[in-house]
Amino acid sequence: MAALNKKTVEDINVSGKKVIARMDFNVPLKDGVITDDKRIREAMKTIKYLADNGAKTILVSHLGRPKGEFNMKYSLAPVAVRISELLGKPVTLAKDVIGEDAKKKADALKNGDVMLLENVRFHAEEELNDKAFSKELASMAEIFVNDAFGTAHRAHSSTAGLADYLPAVCGYLIKKEIEIMGSALSNPARPFVAILGGAKVSDKIGVIESLLDKVDTILIGGGMAYTFEKAKGYEIGKSICENDKLDLANELIEKAKSKKVKLLLPLDSVVADEFKNEAERKTVSCCNVPADMMGMDIGEKTIELFTKEILSAKTIIWNGPMGVFEFENFANGTRQIAKAVAESGAVSIIGGGDSAAAVEILGFADKVTHISTGGGASLEFLEGKVLPGIDVLEDK
Ligand code: AMP
């Protein structure tokens with residue numbers, strides 16, 4: 001396993017110390033109820049460690065996009081309740097972030113207590129990585145622990161700025177994410193297969209470029225495949241396509257050839273006359289999407305082709321669904337690929353975001369090696385970029 005060369009909570013004495021711990025509690029909510037608490041569950045190991053080791057813990061997170069102002073819709077109140085249930089003791093929620101209530105509650109903490117600040121994005125300064133705001137946050141604590149992998153690719157006040165004012169270490173989730181993904185990239189068992197899908201090529205250019213130096217095979221499905229198909233001169237009808245990326249798609253195909261990476265595109269598509277679940281649908285060869293229809297999922301021949309590659313893989317990285325999986329009628333490709341990944345026996349890493357949601361919804365979550373809690377962050381890590389929220393932490 002690739003070791004992380006950053007200090008962790010275990011490398012610093014937290015007993016009796018005020019610890020400000022940045023977590024990623026950006027969970028989906030429906031009518032004020034948490035619909036998926038994975039990110040909270042993943043944060044518990046660090047929270048428990050801090051509480052058990054006598055720290056006075058001040059948790060910080062963002063939730064949604066409240067645009068820099070207080071908005072009850074984005075309150076962390078349901079999160080405080082859930083942490084408290086999982087921890088088995090009360091977790092108080094401050095009414096503000098750096099205001100009177102937060103400071104009063106932080107001062108009253110006893111060893112082993114845990115509190116949560118309100119949504120840090122109620123302050124516009126957070127995303128600006130404003131120094132004065134970081135300093136205010138830091139003034140409440142003596143140690144900074146970052147365990148918010150999902151926002152580690154953003155240099156914000158609470159993800160990176162705090163490290164200017166406090167000793168900074170990481171928690172168990174960041175350590176786990178980096179070590180699992182790092183070891184897959186640095187020393188993969190082969191064949192190493194990347195599966196890429198989702199809506200846009202433009203979001204994944206960096207990751208394709210970087211993976212071309214590492215993997216044996218790249219399988220491309222989802223909406224982004226049609227830009228490649230069009231670049232090859234195929235008829236893609238009304239399918240989603242980035243016309244300004246056609247040259248780039250051709251360049252990537254050529255690069256794959258020169259690096260002897262097998263880059264496979266769909267052979268067939270399930271097409272629809274409208275972008276909705278109940279649309280008329282049929283399967284067509286990829287070269288011939290009718291002019292008035294759009295590709296919504298990969299077809300059976302593609303599933304067969306991709307499955308063969310996946311079943312022979314020893315390491316798999318997957319980012320982006322194979323079709324519009326939110327519509328049941330177009331979820332088959334993503335489901336079959338998830339099933340193949342689950343059955344492959346390979347080390348399998350699912351990037352966060354939609355592919356993680358798809359694997360969870362389709363019921364394969366417990367059959368893969370690792371589902372990342374960070375969509376954007378895992379993509380940037382796979383691209384080989386430095387994640388600022390990790391870069392600022394103290395080296396071992
Ligand atoms: P991304 O965030 O780039 O991974 O894209 C995920 C989104 O891509 C999901 O909401 C899918 O519905 C969408 N998607 C996948 N395949 C297609 C397709 N063929 N046409 C349009 N959207 C697609």
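As the structure lists them, so they are numbered: ligands from 1, and atoms in each ligand from 1. Position 1 is the first residue of the sequence, and the numbers go up from there.
- Regarding atom 6 (C) of ligand 1, its nearest protein heavy-atom neighbour is Asp354 OD2, 3.1 Å.
- Distances below 4.0 Å separate heavy atoms of Tyr226 from the following atoms of ligand 1: 19 (N).
- Short contacts between ligand 1 and Lys204, defined as distances under 4.0 Å to a heavy atom of the residue, involve ligand atoms 1 (P), 3 (O), 4 (O).
- Considering both main-chain and side-chain atoms, Glu326 comes within under 3.5 Å of ligand 1 through a nitrogen or oxygen pair.
- Taking all heavy atoms of Ala331, Ala358, Gly323, Gly351 into account, the minimum distance to atom 15 (C) of ligand 1 is reached by Gly323.
- Residues Asn250 and Lys232 bring no donor and acceptor atom of their side chains to less than 3.5 Å of each other.
- Side-chain contact check for Thr373 and Glu177: at least one donor-acceptor pair (N or O, by modelled atom type) lies under 3.5 Å.
- Taking the side chain as every heavy atom from C-beta outward, Val284 and Asp268 never approach each other to under 4.5 Å.
- The heavy atom nearest to atom 5 (O) of ligand 1, considering only Ala199, Ala357, Gly222, is found in Ala199.
- Each of the following atoms of ligand 1 lies closer than 4.0 Å to a heavy atom of Gly198: 1 (P), 3 (O), 4 (O), 5 (O), 6 (C), 8 (O).
- Under the 3.5 Å distance criterion, with hydrogens and angles disregarded, a donor-acceptor pair is assigned to the side chains of Asp147 and Thr46.
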Determine, stepwise, if the pair Phe149 / Asp24 fulfils side chain to side chain contact (heavy atoms under 4.5 Å, CB included).
CA-CA 7 Å; Phe149 181 73; Asp24 178 9; over 6 Å; no

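- Annotation: Phe330 is not in aromatic contact with Phe325 [ring centroid separation under 6.0 Å not met].
- Closest heavy-atom approach to atom 23 (C) of ligand 1 within the set Val324, Leu379, Val270: this belongs to Val324.
- Listed by number with element, the atoms of ligand 1 under 4.0 angstrom from any heavy atom of Gly295 are 18 (C), 19 (N), 20 (N).
- Those atoms of ligand 1 with a heavy atom of Ile240 less than 4.0 angstrom away are 20 (N), 21 (C).
- Phe228 has its ring centre no less than 6.0 Å from the ring centre of Tyr234.
- Near Gly223, meaning under 4.0 Å from any of its heavy atoms, are these atoms of ligand 1: 15 (C), 16 (N), 17 (C), 18 (C), 19 (N).
- In summary, Lys262 and Glu309 engage in a salt bridge, as defined by a charged side-chain N under 4.0 Å from a carboxylate O.
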